[in-house]
There are 2 protein chains.
Amino acid sequence: MNRRSVTIVDLAESLGLSKTTVADALKGSGRVAESTRRRVLEAAGERGYMANRAAQQLRTRSAGAIGLYIPPKVRSMSFYMPFALGVADEASHHAWDLTLLTRWPRNGKPANQVDGVIVIDALPGDPVVKRLIDLPVPIVTAGRSTDIPPDRLAAVIEIEYERMCGVVLDRLEALGAGRPALVSPVAGDDLSWSRQLQRGYQSWCDRQRKPSHLVTMPTFPTTDDLATAMAKVLAVQEIDAILFAWQDIATRAAIQLDHLCSTTGRSVSLATIVSSMDHFNNAYLTALDLRPHLFGQSAARLLREVVVEPPNRTIHRLHEAKLVE
Amino acid sequence: MNRRSVTIVDLAESLGLSKTTVADALKGSGRVAESTRRRVLEAAGERGYMANRAAQQLRTRSAGAIGLYIPPKVRSMSFYMPFALGVADEASHHAWDLTLLTRWPRNGKPANQVDGVIVIDALPGDPVVKRLIDLPVPIVTAGRSTDIPPDRLAAVIEIEYERMCGVVLDRLEALGAGRPALVSPVAGDDLSWSRQLQRGYQSWCDRQRKPSHLVTMPTFPTTDDLATAMAKVLAVQEIDAILFAWQDIATRAAIQLDHLCSTTGRSVSLATIVSSMDHFNNAYLTALDLRPHLFGQSAARLLREVVVEPPNRTIHRLHEAKLVE
DNA sequence: TTGAAAGCGGTACCAC
DNA sequence: GTGGTACCGCTTTCAA
């Protein structure tokens, strides 16, 4: 950007053509003769022409970028990095940049320039979300959110945690483990994934007429927290399976349990929600891969749709998590 | 962006002032009378004026954004998310957007518009880095990199892994653990952090005239990998401390060791590199917090410096990791 | 202390 | 098929 680079006018001059023609040739709208088009393209390639995004944006009133907001509370969970990169990948497909929205810029600075925004897992009352609503661009949420008024919410894409929880539990049962416990982070608001999982678990137990055993612990537990929780689970003799609500904890818990069980001779099947296959390991009988990268891609694709054609009412879409063994 | 929003001209008209005056008032350059300035600011606030970034960029030849490239291979490690958000935070301080660079955009699409680029932990031969070199903007690397020619490399900021490794080991020794083993991922290239840690460890052992015990394992090990490695470490009876080279593994290993040691009655002090205090727990005697968020901020601040004033030769700077107990 | 006017590099719309 | 020209909204320079 700093040093002046090749512009359309430069090309036009050196080719003895007009601005317009060069521009048209470059973007391939059928207006120009194929021969001139080739000439232009060649020259552009040679001289390393790169379109000036700012100029395009100014003229077309588009930003060429989308924003992603990941609330601070959840940022360090392993799920969100692959999600963000999924969004970035899909965005780059459409020649969009992905801007990471963090705290809101201070006093009167210009707003982040975006054509649309993706918000994931925002908690009620998030101040940044409040400001995002004021931007004159469509908002897509990944996971539900209460804070965004329906007319500002272009689309929602979500994972069917409640249903998928049942699917995992069914699978566990089919594999011989009929009395599962759920280990979940302390519940947030009613729309949060953890709460949805808890509901899914509860209703599965109800359907199966089995008692439920829900154990909660902090999202980022210490080894002691973990040990306490595991002890609590194993205290119920009938428990023969455990479903972990998030992977960060599951990887550690599996090791704890491995030892606890090997001393007592007890056998417990493990299942977990998976947020990053990279970190996944084979201690689990069954797992629900949230496919965060794909989730991010889908969210970005959805955003693209609503940017191209604003819907008259909120679109709802599902992202399929995948059962793995 | 889509619907036309309030511009400087709008304000100027409604206030009976000129474009110029309004613009000057807005940006606070002392040109305008304080009274008019207040009038303008008030009107701007009321009508929700937001500067059009594209126009500013076009005029000032700046992009108003910086790019961050995190190579695919390392993306899922817990270190990089807080790092990225540190960069984003600092960027927003300077009214910069942060663009996440992923794969390179396809065929002739306009390049990501950035004023500078931060590259972290790129491996030799990374194709995206090759392309970034062609951009006419300064590059700052976090951690060293071979691929970027000195004249294109504006600055480097890095953690003194080699030295800090010694600091941790000294501390461990002061606390009574004199025979540490190092658990490290299988070494990458010679500049990688894992390799630097290994060297730091080796030279510490040499200085102390102690035998070294290096155990490597995959970056994302299974529980079995982990168990094997831990067994290997404990096989050496003299080992009374273990330093883990990355946290993702340390949290899990601590639990393994807890059990292994409690059965054999052995006591081993643990130390680890910390990439996210959120995930940190109390099982460690001592730890080296890399402070990735701060690292990201510092990298962004450094980039800002070199964008504002291009250096005539590569700037080198250190990021201080912090010993915690 | 203020205003007028000329761009920045594209795109859109009009003529030819 | 091609060229001319008026913008997009802001910064900058020069003049009043």
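Each chain gets a letter, A, B and so on, in the order the sequences are listed, and its residues count up from 1. Heavy atoms only: backbone and side chains are in, while hydrogens, waters and symmetry mates are out.
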In whole Å, I'd like the distance from the CG atom of Asp10(B) to the P atom of dC8(D). 10 Å
I need the CD-P distance between Glu13(A) and dG4(D), as an integer number of Å. 12 Å
Using the side-chain heavy atoms of Arg61(B), tell me which of these nucleotides is nearest: dG9(C), dG3(D), dG9(D). dG9(C)
Under 4.0 Å between a side-chain N/O of Gln56(A) and OP1 or OP2 of dG10(C), yes or no? no
Rounded distance in Å - CG (Leu26(B)) to P (dT11(D)): 8 Å
All ring pair (Phe, Tyr, Trp, His ring centres under 6.0 Å) counterparts of His319(B), not counting sequence neighbours: Phe295(B)
To the nearest Å, give me how far apart CE (Met50(B)) and C1' (dC8(D)) are. 19 Å
On DNA chain C, compare the nucleotides closest to Thr60(B) and Thr60(A); which residue's is nearer the 5' end? Thr60(B)
State which of dC8(D), dA6(C), dA12(C) makes the closest approach to the side chain of Lys19(B). dA6(C)
Should Arg53(B) be listed as having a side-chain N or O under 4.0 Å from OP1 or OP2 of dC10(D)? no
Round to the nearest Å and state the distance from Asn52(B) atom CG to dT11(D) atom C1'. 13 Å
In whole angstroms, how far is the C1' atom of dT2(D) from the CG atom of Leu15(A)? 14 Å
Should Gln57(B) be listed as having a side-chain N or O under 4.0 Å from OP1 or OP2 of dC8(C)? no
Closest approach to the side chain of Ile8(A), judged atom by atom: which nucleotide of dG10(C), dG9(C), dG3(C) is it? dG10(C)
Do any side-chain nitrogens or oxygens of Thr36(B) fall under 4.0 Å of OP1 or OP2 in dT2(C)? yes
Under 4.0 Å between a side-chain N or O of Thr21(A) and OP1 or OP2 of dT2(D)? no
Glu34(A) has an atom CD; how far is it from atom C1' of dT2(D), in whole Å? 16 Å
So what does Thr20(A) hit on the nucleic acid, given a heavy-atom distance under 4.0 Å: a base, only sugar-phosphate, or nothing? base
Test item: side-chain donor near acceptor, Ser78(B) and Ser276(B), under 3.5 Å: no
Do NZ/NE/NH1/NH2 and the carboxylate oxygens of Asp115(B) and Arg304(B) come within less than 4.0 Å? no
With heavy-atom distances below 4.5 Å as the criterion, would you say the side chains of Leu153(B) and Pro149(B) are in contact? no
So for Arg59(B) and dG7(C), does any side-chain atom that can act as donor or acceptor lie under 3.5 Å from a complementary atom in the base? yes
Separation of dA5(C) atom P from Asp24(B) atom CG, nearest Å, is 17 Å
Please identify each residue that fulfils side chain to side chain donor-acceptor pair (under 3.5 Å) with Arg317(B), with sequence neighbours left out. Glu305(B)
Which nucleotide in the list dC10(D), dC8(D), dT1(C) gets nearest to the side chain of Thr7(B)? dC10(D)
